[in-house]
S.K.: 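Before I ask anything, here is the structure I am working with.
Quick note: residue numbers are just sequence positions, from 1. Counting starts at 1 for both ligands and their atoms, following the listed order.
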Amino acid sequence: KMTITIAIDGPAASGKSTIAKQIAKKLNITYIDTGAMYRGVTLAILKRGIEVDNVQEIRNILNNIELDFNFVNGVQHLFLDGQDAEEEIRSIEVSQNVSAVSALDFVREKLVDLQRKMAEKQSVVMDGRDIGTVVLPKADFKFFFIASPEIRAQRRYDENIARGINTQTFEELKQDIIRRDEYDSTREHSPLKQADDAIAVDTGLLSIEENVEYVLSLIQKTN
Ligand code: C5P
């Protein structure tokens, strides 16, 4: 087999994207942020003035939404309807509405299909909620990241400050994260869940660099 697939799942702000990006860089393979795709669909819905509980209308417009990943200064950005939306998909409004949209089976069907196609033709590190369980059940390596809600909220808080966004307090962020995890873990279709064959990694115990080295060591050991 010529390609390698690495699946990383876990709750919000568990360090998936930061660690996955660095692993992709070290292995010189593609990083795919599936959360960005659900965020992109959510942003498209909000931009069109559609309520996230208007299932019929979402069904009607889903195929008119154009999602792409393009590289900007070497970093993968999500493009929505031809425009760079990497910043906008991280807004509070999108974060608060994305779980309702990602719970819709027909939305998942479309995005999972896209995700599988991306992993077919190249080696990937893909992160999300259902990568090891549903999208790539035969992934070569599966990891499930965990960390306490406090640590995760602190990370997101620090990230926001670094990006010049400080409209939410630590406590508000923590509550949003807990609510989103609850919603994502209890939904009917592809809930957030550790695959039986995934390795659990508590990312709160080590620094980012140490987590990257640790995960890489597990990949290299068994590769
Ligand atoms: O990873 P991120 O926090 O950006 O994901 C945003 C949301 O997208 C999650 O809270 C979840 O509702 C949804 N999602 C999903 N399945 C994935 C990735 C993300 O349902 N594979």
S.K.: Once the angle between the rings of Phe143 and Phe141 is folded into 0 to 90°, is it parallel (under 30°), tilted (30 to 60°) or perpendicular (over 60°)?
M.R.: parallel
S.K.: Does any N or O of ligand 1 fall below 3.5 Å from an N or O anywhere on Arg180, backbone included?
M.R.: yes
S.K.: I'd like to know whether Asp33 forms a salt bridge (Lys or Arg N to Asp or Glu O under 4.0 Å) with Lys16, so could you lay out the CA-CA distance, the side-chain angles of the two residues, the decisive distance to 0.1 Å, and finally the verdict.
M.R.: CA-CA 9 Å; Asp33 177 355; Lys16 300 186 300 292; over 6 Å; no
S.K.: Side chains of residues 49-59: which donor-acceptor pairs under 3.5 Å do they make with residues two or more places apart or in other chains?
M.R.:
| from | atom 1 | to | atom 2 | distance (Å) |
| --- | --- | --- | --- | --- |
| Asn54 | OD1 | Glu57 | N | 3.2 |
| Gln56 | NE2 | Asn60 | OD1 | 3.4 |

S.K.: Which bit of Ala12 is near ligand 1, meaning a heavy atom under 4.0 Å away: side chain, backbone, both or neither?
M.R.: neither
S.K.: Go through ligand 1 atom by atom and flag the ones less than 4.0 Å from a non-hydrogen atom of Gly128.
M.R.: 17 (C), 18 (C), 21 (N)
S.K.: Taking Asp181 for its side chain and Ala12 for its backbone only, find out whether a donor-acceptor pair lies under 3.5 Å.
M.R.: yes
S.K.: For atom 10 (O) of ligand 1, what's the nearest protein heavy atom and its distance?
M.R.: Asp184 OD2, 2.6 Å
S.K.: Around atom 18 (C) of ligand 1, find the nearest protein heavy atom and jot down its residue, atom name and distance.
M.R.: Thr34 OG1, 3.3 Å
S.K.: Got a sec, which residues hit salt bridge (Lys or Arg N to Asp or Glu O under 4.0 Å) with Glu182, two or more places apart in sequence or on another chain?
M.R.: none
S.K.: Would you kindly specify which portion of Arg187 sits under 4.0 Å from ligand 1, judged on non-hydrogen atoms: side chain, backbone, both or neither?
M.R.: side chain
S.K.: Which protein non-hydrogen atom lies closest to atom 13 (C) of ligand 1, naming both residue and atom, and how far is it?
M.R.: Ser102 OG, 3.5 Å
S.K.: Are any of the N/O atoms on Arg108, whether in the backbone or the side chain, positioned under 3.5 angstrom from an N/O atom of ligand 1?
M.R.: yes
S.K.: Should Asp113 and Lys117 be marked as a salt bridge (Lys or Arg N to Asp or Glu O under 4.0 Å) after you check the CA-CA gap, both sets of side-chain angles, and the distance that decides it?
M.R.: CA-CA 6 Å; Asp113 196 52; Lys117 287 203 175 99; 2.9 Å; yes
S.K.: Check the side chains of Thr203 and Asn211 for a donor-acceptor pair under 3.5 angstrom, ignoring hydrogens and angles.
M.R.: no
S.K.: Between Arg39 and ligand 1, which part of the residue brings a heavy atom under 4.0 Å of the ligand: side chain, backbone, both or neither?
M.R.: side chain
S.K.: Polar-atom distance check: Asp130 versus ligand 1, any N or O pair below 3.5 Å?
M.R.: yes
S.K.: Do any nitrogen or oxygen atoms of Arg129 come within less than 3.5 Å of a nitrogen or oxygen of ligand 1?
M.R.: yes
S.K.: Just checking, is any N or O donor in the side chain of Gln175 or Glu171 under 3.5 Å from an acceptor N or O on the other one?
M.R.: yes
